[in-house]
Number of protein chains: 2
Amino acid sequence: MNRFLSNVTSKIDAKGRVSVPSVFRSVLIQRNIQELYCFQDFVFPAISAGGPDLLDRFERQIAAEDPFSPEANEMSLLIHGGGVFIKLDSEGRMMVTDFIRDFTGIVSEVTFVGRADHFQLWHPPAFAEVQAAAREGRRLRGTRPTV
Amino acid sequence: MNRFLSNVTSKIDAKGRVSVPSVFRSVLIQRNIQELYCFQDFVFPAISAGGPDLLDRFERQIAAEDPFSPEANEMSLLIHGGGVFIKLDSEGRMMVTDFIRDFTGIVSEVTFVGRADHFQLWHPPAFAEVQAAAREGRRLRGTRPTV
DNA sequence: TGGGACCATATGGGCGTCAATGGGAAGCGG
DNA sequence: CCGCTTCCCATTGACGCCCATATGGTCCCA
């Protein structure tokens, strides 16, 4: 599989590290992603992680605007000020820094959530709650996938 | 990485100094920036800091206009009158002067914010507030990254 | 079909290096 | 002559890199 799918919850160890699930790591290898671009998500209290191409895409979006405009500055504040490159160690683990903890509420466990071209890091109860709300909203609207 | 990314908050010591985060210092070395050009940001209540090339770019922009135009005068007032060169000490720390404090509201802590080709110094609560507002604005406008 | 060997992932921790921080002392300017 | 700044050194703690062990699942063979 070449997309990030499903979700996995794993524990943070005593040194503040967490193993990135192997299903996600194998996708990273397939896509030849050496270093993760992680940013504070625009919509959810989660960290989104993907390849450097994600950042490139955002920057192209900024470049299309007037660099002095408030909108371009706000966008940069989010993707540059709210983003960081993170490397995995030789065992495929990443450090859970305060940058991640403060924004997500993550304390001792991380839920990794696949989002096709990227994946996210969630505080487990927050994910359960938001996912349930999303399911409920969809049910109320009576939406069905158009096949 | 060759860009300024992410944000880090650190304390000002008893002598009024603050350590520039090592992630930013390594970018400064890569770009061969010896001395920081710091100016009062045009958009946010923050000090922007980058290499001398930043100032050069601004000056070229002025030179392209009629030197007696109100725009050129305003611009010079901002980048010359509102700018200063600052050196780091041998440990990579900088003095937090009143020039910085008065404009930003910084008191005892500084949030360093990466902005790709430069970085900024913020009063921590101000940054949290403005970044959250930027995120909210984006969410309301319904903007999504163009895939 | 059950047992066992093997492999891959997950997890825990040791250790060296480097960044962050605090403070002494000399240099410079007012 | 005094205060601020800059240079230098020491200490502490965090992080990166590495290896050792645990765990669970699969495959093969008896």
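Note that these values count all heavy atoms, side chains included, but never hydrogens, waters or copies made by symmetry. The sequence lines fix the lettering, A, B, ..., with proteins before strands; numbering per chain opens at 1.
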Euclidean distance, A/F85 CZ relative to B/S6 OG, rounded to 0.5 Å: 11.5 Å
Interatomic distance where CE belongs to A/M95 and P belongs to C/dG13 [whole Å]: 15 Å
Nearest-angstrom distance from the residue atom CD1 of A/I12 to C1' of C/dG12: 15 Å
Lys/Arg-Asp/Glu bridge criterion (N-O < 4.0 Å) met for B/E91, B/R25: no
Listed nucleotide nearest any side-chain atom of B/K15, set C/dG23, D/dG16, C/dA19: C/dG23
Any residue of residues 85-93 of chain A with a heavy atom less than 4.0 Å from an atom of DNA chain D: A/S90, A/E91, A/R93
Distance-only donor-acceptor test (3.5 Å): side chain A/R17, base D/dG16: no
Donor-acceptor pair (no angle test) under 3.5 Å: A/K11 side chain, C/dG12 base: no
Proximity to the side chain of B/R25 - top-ranked nucleotide from C/dA19, D/dT6, C/dA10: C/dA19
Value in whole Å for how far the P atom of D/dC7 lies from CG of B/D13: 16 Å
CA sep, side-chain torsions, deciding dist, call: B/T111, B/T9, side chain to side chain donor-acceptor pair (under 3.5 Å): CA-CA 4 Å; B/T111 298; B/T9 300; 2.9 Å; yes
B/R60/B/D53 salt bridge by N-O under 4.0 Å criterion: no
Cation-aromatic face contact B/R115/B/F4, 6.0 Å, 45 degrees: no
Whole-Å distance separating the CZ atom of B/F24 from the C1' atom of C/dA19: 15 Å
Nearest-nucleotide 5' precedence on DNA chain C, B/S10 against A/S10: A/S10
Length of the CZ-C1' vector between A/F112 and C/dA10, whole Å: 12 Å
Separation of D/dT5 P from B/M94 CE (nearest whole Å): 13 Å
Atom CD of B/E35: over 12 foreign heavy atoms under 6.0 Å: yes
Main-chain N/O of B/V107 paired to B/R101 side chain as donor or acceptor, under 3.5 Å: yes
